[in-house]
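Below is one structure, written out as structure tokens; comments come after it.
From a predicted model like this one, the values you see are computed outputs, not experimental measurements. Excluded from the calculations below are hydrogen atoms, water molecules and symmetry mates; all remaining heavy atoms, backbone and side chain alike, are included. Below, chains carry the letters A, B, ... as their sequence lines are ordered, and counting in each starts from 1.
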Amino acid sequence: MTITLSFEDGTIRIAGDPPALPFVEDDPRSGTARAPAHRYADLRDALDERGVAYDDRVLSSAAAAADLDLETTYELRPYQREALDAWRDNGDRGVIELPTGSGKTVVAIGATAALSTPTLVVVPTIDLLDQWGRELEAEFGAPIGRFGGGEQRQERITVSTYDSAYLRADEVGGDFGLVVFDEVHHLGGEGYRDIARLLAAPARMGLTATFERPDGAHEVVSELVGPRVYRASADDLAGTHLADYDIKHIEVELTDEERARYEEAQGTFVDYLRTSNITFRSGSDYQELVKRSGTDPRAREALLAKQRAREVMMNSDNKVSELERILDRHRDDRVIVFTAHTDLVYRLSERFLIPAVTNETSAPERREILSRFRDGTYSRVVSANVLDEGVDVPDANVAVVLSGSGSEREFTQRLGRVLRPKDDGGRALLYELVSRETAEERVAARRR
DNA sequence: TTGACTCAACATCCTTTGCTACAA
DNA sequence: TTGTAGGTTTCCATGTTGAGTCA
């Protein structure tokens, strides 16, 4: 009896009598065997290896028959070519790690053209949905489908948000031969990883500037998309394809009043740790404290105190004074200011008359501000985390990080905002402001 | 079509003191 | 002996996004 493979609700249905394979399970309800859709390529390999004949109906007729005959006019830069080759050598699977501004999109376009198969591109934001849509349309001269932002139109090349892909993967999972995950580190999220599980696409490409995740979930991404096959850092490309840069680390003192508030709050936190048998041996022990805070008022008070201490050290007055000096020094430059708190964003915006972009800024207003930043009407902009990722931010040459998390990813993304090569060949500059003798010194050390 | 709202999901959040098991 | 990695799980707060609903 011949084996027949087909796609059904995010799984591969295997009718007939398949050999025992570790990822194939019996499905008593349908009387057939099933494998998770993402194992499609493995399944075919295993059957081929055993010389088992099978009728493959997994990819919908459109996807299976399609030779889109795509061509790209892009001339790949040497590192882009190497990345694409490494990905192809790994059986059209794997993650490519390239810094912001180095042209990750171009590599994906190269892959799409090379495979000429129906392609799904998954992106985290609507902004990126639009950008990819425009770029693919211009490059291939074909209509580009969209899942997300109020549209649900499928084409042979379709761009989707992670959220819409999550909602539709079990239904359209058999329609694409190639899937590209932009900012693929998001795929490690508990829910999003199901997207990759429900798609049958044998060819998979992940793109990111920061592959590794502090919670280790990049291992899951490796399983679902493939291992990291190529990596170039900002340092590798600085001076040639990206701007050279300097990082200036500036320490500021807390005022007496801030110091008192900081010590009081931080003391409350540390005291609780000392008296409650909570040890911080590894990062996730913080979760233990959070859990306790649900039932233990003292734990809750300790966390709130920690929150207050963080606010004091991150938003200290002397950082604002220091920013004033920096802005003065860089009158003729294009400056992006980053903070960790929206309150501070608005304070800075009022005091220095800088346009602010936060999550509360409406989409049209945000477009307006960024467009004026692009054409030079505005030379400065201040934001919390909105501009870190997934937004097309016009190039700047000076970044000021007033405060941030210990996340290496956040830091890399912020640095990436100033790394596009400068017309005059000038260097980019990132200022990092840190309150002396506070936990912020550790935080800053951790992110690098 | 728009704008406002709600909701769910994701990400970060972190410190000293030395437990325990195991590998080099 | 010395050095290093190990195991556990649902939520204090803030910032951000996309989807969905309704006027």
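dG18(B) sits 22 Å from dG6(C) when the P atoms are compared, rounded to a whole Å. Nucleotides dT15(B) and dT9(C) place their P atoms 24 Å apart, quoted to the nearest Å. The gap from the P atom of dT16(B) to that of dG3(C) amounts to 23 Å, rounded to the nearest Å. With P as the reference atom, dC13(B) and dG15(C) are 14 Å apart, rounded to whole Å. dT17(B) and dT10(C) have their P atoms separated by 30 Å, given to the nearest Å. Straight-line distance between the P atoms of dC10(B) and dC11(C): roughly 16 Å, to the nearest whole Å.
Asp92(A) meets the salt bridge (charged side-chain N to carboxylate O under 4.0 Å, His left out) test with Arg88(A); sequence neighbours excluded. A search for side-chain contact (heavy atoms from CB on, under 4.5 Å) contacts involving Ser222(A) returns Phe211(A), not counting sequence neighbours. Checked against salt bridge (charged side-chain N to carboxylate O under 4.0 Å, His left out), Arg310(A) has no partners two or more places apart in sequence or in another chain. In this view, Phe147(A) satisfies the ring-ring contact (aromatic ring centres under 6.0 Å, His included) rule with no residue, not counting sequence neighbours. For Glu251(A), the side-chain contact (heavy atoms from CB on, under 4.5 Å) criterion is met by His249(A), Arg436(A), Glu441(A), not counting sequence neighbours. Among residues two or more places apart in sequence or in another chain, the salt bridge (charged side-chain N to carboxylate O under 4.0 Å, His left out) test is passed with Asp296(A) by none. Every side-chain contact (heavy atoms from CB on, under 4.5 Å) that Glu322(A) has, sequence neighbours left out, goes to Ile250(A), Val252(A), Arg325(A), Ile326(A), Arg329(A), Leu433(A). Contacts of Arg366(A) classified as salt bridge (charged side-chain N to carboxylate O under 4.0 Å, His left out), with partners at least two apart in sequence or in another chain: none. Partners of Glu25(A) under the side-chain hydrogen bond (donor to acceptor under 3.5 Å, both in side chains) rule, at least two apart in sequence or in another chain, do not exist in this structure.
A straight line from CZ of Arg168(A) to P of dG18(C) spans 18 Å, rounded to a whole angstrom. Distance Glu212(A) CD to dA11(B) P: 15 Å, rounded to the nearest Å. To the nearest angstrom, P of dT16(B) lies 13 Å from CD of Glu441(A). In this structure, the CZ atom of Arg274(A) is 18 Å from the P atom of dC14(B), given to the nearest Å. Atom NE2 of His185(A) is separated from atom C1' of dT12(B) by 13 Å (rounded to the nearest Å). In this structure, Leu289(A) places its CG atom 17 Å from P of dT9(C), rounding to the nearest Å. One interatomic measurement links the two molecules: CG of Leu273(A) to C1' of dT17(B), which rounds to 11 Å at whole-angstrom precision. As rounded to whole Å, 14 Å separates atom P of dA8(B) from atom OH of Tyr192(A).
At a threshold of 4.0 angstrom between heavy atoms, the contacts of Arg366(A) are confined to the sugar-phosphate backbone, with no base atom among them. Counting non-hydrogen atoms under 4.0 angstrom, Arg292(A) reaches nothing in the nucleic acid. Residue contacts shown for Asn385(A) are limited to sugar-phosphate atoms, with no base heavy atom under 4.0 Å away. Across all strands, Tyr166(A) comes closer than 4.0 Å to no nucleic acid atom at all (heavy-atom distances). Heavy atoms of Arg213(A) sit under 4.0 angstrom from primed sugar atoms or phosphate atoms, though from no base atom. Glu190(A) comes within 4.0 angstrom of the backbone, heavy atoms only, and of no base.
Of the nucleotides present, none pairs with dT1(B) by Watson-Crick or G-U wobble criteria with both distances under 3.5 Å.
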Distances under 3.5 Å only, N/O to N/O: pair up the protein atoms with those of nucleotides 19-23 of chain C.
unit_1: dA19(C); atom_1: OP1; unit_2: Thr161(A); atom_2: OG1; d: 2.7
unit_1: dA19(C); atom_1: OP1; unit_2: Ser164(A); atom_2: OG; d: 2.4
unit_1: dA19(C); atom_1: OP2; unit_2: Gly149(A); atom_2: N; d: 2.8

Quick one: which protein N/O atoms are closer than 3.5 Å to N/O atoms of nucleotides 2-4 of chain B? Pair and distance per line, please.
none

Would you tabulate the nitrogen or oxygen pairs shorter than 3.5 Å linking the protein to nucleotides 11-14 of chain C?
unit_1: dC12(C); atom_1: O4'; unit_2: Ser293(A); atom_2: OG; d: 3.2
unit_1: dC12(C); atom_1: O3'; unit_2: Arg300(A); atom_2: NH1; d: 2.7

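Side-chain contact of Arg372(A) with Thr377(A): a donor-acceptor pair under 3.5 Å is absent, judged by distance alone.
Here dT16(C) is the nucleotide among dT12(B), dC14(B), dT16(C) with the atom lying nearest to any side-chain atom of Ala384(A).
Between dT12(B) and Ser407(A), a contact under 4.0 Å exists linking OP1 or OP2 to a side-chain N or O. OP1 or OP2 of dC13(B) sits under 4.0 Å from a side-chain N or O of Ser405(A). Regarding contacts with the backbone of dT15(B), a side-chain N or O of Arg442(A) is found under 4.0 angstrom from either OP1 or OP2.
In this pair, Tyr431(A) and His330(A) present their aromatic rings perpendicular. The plane angle is above 60°, beyond the 30 to 60° band.
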Pair Thr361(A), Val386(A) - check side chain to side chain contact (heavy atoms under 4.5 Å, CB included), show working.
CA-CA 10 Å; Thr361(A) 314; Val386(A) 183; over 6 Å; no
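Atom CZ of Arg153(A) is surrounded by more than 12 heavy atoms from other residues, nucleotides or ligands within 6.0 Å.
Between Phe269(A) and Leu289(A) the shortest side-chain heavy-atom distance falls below 4.5 Å.
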